[in-house]
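Note that these values count all heavy atoms, side chains included, but never hydrogens, waters or copies made by symmetry. Residue numbers begin at 1 in each chain, while the letters A, B, ... track the order of the sequences.
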Amino acid sequence: MSHRYLPVTEKDKKEMLEAIGVSDISELFSDIPESVRFESELNIKPAKDEYSLLRELNKIASKNITSTTHSSFLGAGVYDHYIPSVVDSIISRSEFYTAYTPYQPEVSQGELQAIFEFQTLISELTGLPVANSSMYDGPTAFAEGATMAAGTTRKKRIVISESVHPQSLEVVKTYCAGQNIEVVVAPLDGTKTDLTKLDELVNEDTGAVLVQYPNFFGTIEDLEEIERIAHKHKGLFVVNSNPLALSLLTPPGEFGADIVTGDTQVFGIPAQFGGPHCGYFAATKKLMRRMPGRLVGQTTDDEGRRGFVLTLQAREQHIRREKATSNICSNQALNALASSIAMSALGKRGAIEMAEANIQKAHYAKEAFKAAGFKVLGDVNFNEFVVKLNKDVTEINDELYDSGFIGGYDLGLSFDEYRNHMLVAVTELRTKAEIDEFVERLGEYNG
Amino acid sequence: MARKDASPLIFERSIADRFAYSLPPVDVETKDINSLLDDKFIRKTKAELPEISELDLIRHYTELSNKNWGIDTGFYPLGSCTMKYNPKINEKVARIDGFATSHPLQNEKAIQGSLEIVHDLQESLKEITGMDEISLQSAAGAQGEWTALMMIKAYHEANGDHNRTKVIVPDSAHGTNPASATVAGFDTVTVKSNEKGLVDIEDLKRVVGDDTAAIMLTNPNTLGLFEKDILEIRDIVHEAGGKLYYDGANLNAIMSKVRPGDMGFDAVHLNLHKTFTGPHGGGGPGSGPIGVKADLAKFLPKPLIIKEGDTFKLDYDLPQSIGRVKPYFGNFGIYLRAYTYIRTMGPDGLKKVSEDAVLNANYIMRRLEGTYELPFDQHCKHEFVLSGSKQKKQGARTLDVAKRLLDYSFHPPTIYFPLNVEEALMIEPTETESKETLDNFIDAMLNIAKEVEEDLDLVLEAPHNTVIGRLDETQAARKPVLRFEREDIIEEKK
Ligand SMILES: Cc1ncc(COP(=O)(O)O)c(C=O)c1O
C-alpha cells in the first residue's frame, strides 16, 4: 500500500492485471492519444501527513476574524445564531453524511423520512402546502422562483424590489438573463419597497413580483399590499423569507404568496464563509408539478408498511432532460437535515422564543443607538436595522476589529445612497453588555 | 437487517411542553411584542414544529440513521457518483472554528485565512485540469455546467455571433447536460453514439454547424469509455466555431494521466463532491467549480479571488462578467474538504488514485463479462456499464437484480443510465475499495445471475432482508402526500 486511502497492494495489482489480461497498468490508459498524455508530475504541493496538515490548516484558520474570536453584529443574509449541540452530533453520523441521493428507497428510509419531515417543517413555517427537499441557497431558490413564475405564466418579465439582498438581485439577474426574462427593479422608499412605483411597474406582461420579507434592511414589507399589486395582472407573488422570522411573523402563504423561498442557515448551519447553507422552496398545490428539485412522497411497501420515495420525478433532469423544470440535481440535503434537527430541537415554543429574542435585542440596540445620538433608519424591524455614520463603514469596521467586534455590513458597497450607513444585525446571542459596548465603541470611532 | 416497523415521524413523537434547546437569556429590557409589530404581521396560528426532549430527538434521528446506507456502511458502487471513502480529517478541518464561523461579508483583512484556501484550491485545480482560470462559485455540477454555458453564450455574443443557439450533447450524456443547456437559453441537439459506445464522428459532422455554441462531453464518457477520437472531435467543433465543454464529474479516472485543458476543452466543471471526497450528505451539498481557457476568462462570475504579494483580494473589476451565480463565495465548506484531500494525496497520490480506480473497474468488468452482457468490449476507465438484457430474457429486470443485491448487503449500481444501453447497470467501484470487497461483490453478482436461472422468484421478490419491502411509486405519484398532516386536520378536511 502506498497511501492509507488506497488498499491495492502490489500483490493485488499483479493478480488483478492478470485477471484483466494485461501486463501493465499503462495498457488500460492506452486509448488516450499520445500527443496529449500527461507525462510529467502535477505541480501541486507534496502529500503531507495527517498531523502536520491539521496543524498547518489550523494556523491558516487562525488568520480569520470570526464570530468565535469577536462578537459579531454582522448579518446581511448570514447570521450568528444558537446551534444546538445535537445538530453536529447527528449530521456527523456517517449513515447520513456518506450516503448519496436516496435512489434505493429500501436502504434510504432514514434520509427519505428526514426529508419528508423537512418538507413538512418548511410548509408549516411558510404557510404553503408543498415544499421541496432543498435548493442550493436562498438566492438561487429565489431565482428559480422567478424563472418558474415566468415559465408558468408565460410572461417573460418580472418585477423585483430593490430591497432584496443585493446578491439575490444579482443572482436573479443572471438566471433570468439565461432565459431572456426581463428584470425590472422597483425602487426603494427609505428602507422599504416604494409601493406606488411598484404598482406602476407591474403590468399585463409581468410574470412575477418578487420581494424579501423581512427585507435586506431588516424592515418588514407590507405583503398584504404587495400581494394585491402582484396578482392584479395575474402574475405570481414570490417572497424570499427568513424562516426564523416566520415562526413569529404572519407567513407569506397566508398573505397569498404563490412561491416562498429562502435560506435555512438560521437554523443549525454555521456561517462557513458563506456556504454550504440551504435553500428552501415552497409553493401552492397548483404549482406542485412545476417545482424544481427533489420531492419526497409518502407511500407503502408490498406489505402495507408506510415508507417514503422520491416522487413526481417526471419534472426532473434525469427523466425529462432538456424539458426538465430545472437543471438542479445535487442539492443541500445534509444542510436540510441540520436545519430539521435545529427546528425540531427548538420546537414550536423555542423557535418563537428565539425569534422574539432577536426582535427584543435588536429593538433594544436600536433604541441604544438613538439614545447615543445616532440616526437610525427604518420603522418595523426583525433583527437588523440601519445606522447612519459620519465615516466610511469599512474603515470603521477595521477599527472595530481591534476592540473585539465585527461591525455590520457596509451598505455603501451595494447602495450609492447608503454610503456611510451600517446594517447592524443583533441576534439572540448578543448580550446587553456586548450591545452597550458596541454602541459606545461605534460612538468613539464615529467621532 | 430484517423488516422493521415504520418509524414514527418526529411530529408523531411530539408531546406538548417538551423541548430540546437552551437559549441565552434575554437580558435587555423587553417590550410587549404587540408594540413592536403591527398586528397583521403577528402570526396567529403557530407553526407546528415538534416538541421533543433532547434524548428523544437523538433517538429519533439515530433510528432513522440506522435505516440508511452510507459509504461507511458498505460498498456503494453507484456509477457516475464516485462513492469513494470520505476521509475523517476532512470533517475535522471543516469544523475548525476559524473556518466554520467565518463570515463572508467582512473586510478583506478579516478573511485572509478563508481566501487563502480558496486561492490555493483554485491553483491546484488549474494544474489538475490544465485550464487557465478557475471559479469555485458554482454550488454543484449542474450549476457549474450552466455557469460555463452562460459564459460561452456571452463569448459568442461578444463576438457578434448571435446565431449560435445550439448545444450538442451525446445520447449517453447525464441529464443535467441538456437541462443546463435549456436553463442557459440554448436548444439541445443530440449526437449519437456509435457501435463502440463513442461519439459517432459522422453524426457529429452532420449536426455541427455555424449554429453550434458548444458540445458538452464527458470523457471518459458515461459508459466509462475514453473518447479516443477526442482530438478529431475537438477539431471538428472548433473549426465550426463552437466551444468544447468538459463535464468533469468523471475526473477520477484521468488525474495525472490526461488533462481536459490539454485535450482541447475550453471549459470544464468538476464535482468536488465526487473525485475530491466531498461527502454526498444524502444528496448534497456539492461544489461544482469551473475552469476555463484564457479567452473565456473575462466572462467569469464575479468576484475573482486573487493574490497580490502576500495578500488575498477580491476582484470585482470584470465588466464582461456574466454576473453572480451564487451568493458569497460558493460552498466553502466543501472546498475545505477537497483542499485537505489534495494536500493529503499530493501528486503521486492523485496519480495512484486514478490508476487504482481504473484497475478496480476493469477487474470487476472482466470477471462479470459473459455472465452479464458487456455491450462494449474495451478497457474501461473508472466505471463500466453492463446490460441486464440476458437476465431480462430469463425473467428478471435490472431493477430486480439491483434489489437482490441489497440482500447481499451491497448498494446497487446506478441502473437504467446511460439511456443508450438496455437494462443498464453502471458500476463504479472507486480506488478506495480493497480486492476482497470487489471479490465479494463479484461473487454476489455471479450468484444472482445463477438465482435468476434457478430460483427466479427469489430475485423478483427481493429485497428480503431490508427494513422495508419494495415501495409503491405509482401510488406516491398519483396522489402525492408530500408532508405530514395531523389526524385532526385530516379529519376536518373530510
Ligand atoms: C456525469 C455527470 N454530470 C453531471 C452531474 C451533475 O452533478 P450535480 O449532481 O453535482 O449537479 C453528475 C452527477 O449527478 C454526473 O454524474
Undergrad: How about B:Trp146 and A:Tyr175: are their ring centres within less than 6.0 Å of each other?
TA: yes

Undergrad: Can you tell me which portion of B:Glu91 sits under 4.5 Å from chain A's heavy atoms? Options are side chain, backbone, both or neither.
TA: side chain

Undergrad: Check whether any side-chain heavy atom of B:Glu48 sits under 4.5 Å from a side-chain heavy atom of B:Phe11, and report yes or no.
TA: no

Undergrad: Among B:Ile128, B:Thr414, B:Asp262, B:Leu57, which has the most heavy-atom pairs under 4.5 Å with chain A?
TA: B:Leu57

Undergrad: Using the rule given for side chain to side chain donor-acceptor pair (under 3.5 Å), can you reason through A:Tyr97 versus A:Arg93, listing the C-alpha separation, both sets of side-chain angles and the distance that settles it, and then say yes or no?
TA: CA-CA 7 Å; A:Tyr97 86 83; A:Arg93 292 190 69 88; over 6 Å; no

Undergrad: In terms of heavy-atom proximity below 4.5 Å to chain B, should A:Ser247 be classed as side chain, backbone, both, or neither?
TA: backbone

Undergrad: Find the one option among A:Thr311, A:Thr98, A:Thr66 whose heavy-atom pairs under 4.5 Å with chain B are most numerous.
TA: A:Thr98

Undergrad: Chain A heavy atoms under 4.5 Å from B:Ser14: which part of the residue, side chain, backbone, both or neither?
TA: neither

Undergrad: Passes side chain to side chain contact (heavy atoms under 4.5 Å, CB included), B:Val353 versus B:Met255? Steps please.
TA: CA-CA 8 Å; B:Val353 163; B:Met255 284 186 293; 3.7 Å; yes

Undergrad: Is the cationic atom of A:Arg349 (NZ for Lys, CZ for Arg) positioned less than 6.0 Å from the six-membered ring centroid of B:Phe19 and within 45 degrees of its normal?
TA: yes

Undergrad: Let me see the working for B:Leu37 and A:Leu249 under side chain to side chain contact (heavy atoms under 4.5 Å, CB included), right down to the final yes or no.
TA: CA-CA 9 Å; B:Leu37 285 179; A:Leu249 301 184; 3.7 Å; yes

Undergrad: Is chain A contacted by the side chain of B:Glu116, its backbone, both, or neither, given a heavy-atom distance below 4.5 Å?
TA: side chain

Undergrad: Would you mind telling me which of A:Pro139, A:Ser35, A:Ala324, A:Ser134 has the largest number of heavy-atom pairs within less than 4.5 Å of chain B?
TA: A:Pro139

Undergrad: Using non-hydrogen atoms only, which part of A:Ile60 is less than 4.5 Å away from chain B: side chain, backbone, both, or neither?
TA: both

Undergrad: Please round to the nearest 0.5 Å and tell me the distance separating atom CD1 of B:Ile10 and atom OG of A:Ser344.
TA: 3.5 Å

Undergrad: Please state whether the side chain, the backbone, both or neither of B:Pro327 comes within less than 4.5 Å of a heavy atom of chain A.
TA: both

Undergrad: Is there a donor-acceptor pair closer than 3.5 Å between any side-chain N or O of A:Ser67 and the backbone N or O of A:Asp80?
TA: no

Undergrad: So, B:Ser180 and B:Glu145: side-chain donor and acceptor under 3.5 Å apart, yes or no?
TA: yes

Undergrad: Using heavy-atom distances under 4.5 Å, tell me whether B:Ala181 contacts chain A through its side chain, its backbone, both, or neither.
TA: neither

Undergrad: Please classify the contact of A:Ile90 with chain B as side chain, backbone, both or neither, using a heavy-atom distance under 4.5 Å.
TA: side chain

Undergrad: Between A:Leu17, A:Leu295, A:Val130, A:Ile406, which shows the greatest number of heavy-atom pairs under 4.5 Å with chain B?
TA: A:Ile406

Undergrad: Among A:Val22, A:Ile328, A:Thr147, A:Thr300, single out the residue with the greatest number of heavy-atom pairs under 4.5 Å to chain B.
TA: A:Thr300

Undergrad: Could you walk me through whether B:Tyr21 and A:Glu353 satisfy the side chain to side chain donor-acceptor pair (under 3.5 Å) test, starting with their C-alpha distance in whole Å, then the side-chain angles of each, then the deciding distance to 0.1 Å, before giving a yes or no?
TA: CA-CA 10 Å; B:Tyr21 66 93; A:Glu353 202 177 305; 2.7 Å; yes

Undergrad: Is it the side chain or the backbone of A:Ile435 that comes within 4.5 Å of chain B heavy atoms, both, or neither?
TA: side chain

Undergrad: Of the backbone (N, CA, C, O) and the side chain (C-beta and beyond), which part of B:Lys153 lies under 4.5 Å from a heavy atom of chain A, both, or neither?
TA: side chain

Undergrad: Tell me whether the centres of the aromatic rings in B:Tyr328 and A:Phe273 are closer together than 6.0 Å.
TA: no

Undergrad: What part of B:Lys351 gets closer than 4.5 Å to chain A, counting heavy atoms only: side chain, backbone, both or neither?
TA: neither

Undergrad: Is chain B contacted by the side chain of A:Leu53, its backbone, both, or neither, given a heavy-atom distance below 4.5 Å?
TA: side chain

Undergrad: Which answer fits A:Tyr5, side chain, backbone, both or neither, if we ask what part of it has an atom under 4.5 Å from a heavy atom of chain B?
TA: both

Undergrad: Check each atom of B:Asp348 against the heavy atoms of chain A and say whether the ones under 4.5 Å are side chain, backbone, both or neither.
TA: side chain

Undergrad: Go through the atoms of B:Pro480 and report whether side chain, backbone, both or neither lie under 4.5 Å from a heavy atom of chain A.
TA: side chain

Undergrad: Could you check whether the rings of A:Phe308 and A:Phe116 sit parallel, tilted or perpendicular, using 30° and 60° as the cut-offs?
TA: tilted

Undergrad: Side chain from CB out, backbone as N, CA, C, O: work out which of these in A:Tyr401 comes under 4.5 Å of a heavy atom of chain B, or both, or neither.
TA: side chain

Undergrad: Please identify, among A:Lys63, A:Glu27, A:Glu50, A:Gln109, the residue contributing the most non-hydrogen atom pairs under 4.5 Å to chain B.
TA: A:Gln109

Undergrad: Let me know if A:Glu303 has heavy atoms under 4.5 Å from chain B in its side chain, its backbone, both or neither.
TA: side chain

Undergrad: Indicate whether the side chain of A:His363 and that of B:Lys31 have a donor and an acceptor atom separated by less than 3.5 Å.
TA: yes

Undergrad: Measure distances from B:Phe41 to the heavy atoms of chain A and classify the residue's part below 4.5 Å as side chain, backbone, both or neither.
TA: both

Undergrad: Which region of A:Lys173, side chain (C-beta onward) or backbone (N, CA, C, O), has a non-hydrogen atom less than 4.5 Å from a non-hydrogen atom of chain B, or is it both or neither?
TA: neither

Undergrad: By a 4.5 Å heavy-atom criterion (distance strictly below it), what part of B:Leu105 contacts chain A: side chain, backbone, both, or neither?
TA: both

Undergrad: Quick one: which of B:Gly349, B:Gly330, B:Ala402 has the most heavy-atom pairs under 4.5 Å with chain A, could you say?
TA: B:Gly330

Undergrad: Please state whether the side chain, the backbone, both or neither of A:Ile352 comes within less than 4.5 Å of a heavy atom of chain B.
TA: side chain

Undergrad: Of all of B:Ser124, B:Gly323, B:Gly185, B:Gly346, which one pairs up most often with chain A through heavy atoms under 4.5 Å apart?
TA: B:Gly346

Undergrad: Distance alone, cut at 3.5 Å: any donor-acceptor contact between the side chains of B:Ser65 and B:Asn68?
TA: no

Undergrad: Answer with side chain, backbone, both or neither: which region of B:Arg366 has an atom nearer than 4.5 Å to a non-hydrogen atom of chain A?
TA: side chain

Undergrad: Dump the intermediate steps for ring-ring contact (aromatic ring centres under 6.0 Å, His included) on B:His411 and A:Tyr100, then the final yes or no.
TA: CA-CA 10 Å; B:His411 193 284; A:Tyr100 203 78; 8.7 Å; no

Undergrad: When only pairs under 4.5 Å are counted, which of B:Ala100, B:Ala139, B:Pro279 shares the most heavy-atom pairs with chain A?
TA: B:Ala100

Undergrad: Nearest 0.5 Å, please: how far is OH in B:Tyr85 from CD1 in B:Ile71?
TA: 10.0 Å

Undergrad: Using heavy-atom distances under 4.5 Å, tell me whether A:Arg320 contacts chain B through its side chain, its backbone, both, or neither.
TA: neither

Undergrad: Counting only non-hydrogen atoms closer than 4.5 Å, does B:Met150 touch chain A with its backbone (N, CA, C, O), its side chain (CB onward), both, or neither?
TA: side chain

Undergrad: Indicate whether any N or O donor in one side chain lies under 3.5 Å from an N or O acceptor in the other, for B:Lys67 and B:Ser7.
TA: yes

Undergrad: Counting only heavy atoms closer than 4.5 Å, note whether A:Ser133 contacts chain B via side chain, backbone, both or neither.
TA: neither

Undergrad: With chain B, which of A:Ile359, A:Asp12, A:Val78 has the greatest number of heavy-atom pairs at distances under 4.5 Å?
TA: A:Val78

Undergrad: Can the ring centres of B:His379 and A:Phe29 be said to be less than 6.0 Å apart?
TA: no

Undergrad: Which region of B:His174, side chain (C-beta onward) or backbone (N, CA, C, O), has a non-hydrogen atom less than 4.5 Å from a non-hydrogen atom of chain A, or is it both or neither?
TA: both

Undergrad: Going by atom types alone, do B:Thr176 and A:Gln317 pair a side-chain donor with an acceptor below 3.5 Å?
TA: no

Undergrad: Say whether A:Gln167 and B:Lys326, considering side chains only, have a donor N or O and an acceptor N or O under 3.5 Å apart.
TA: no

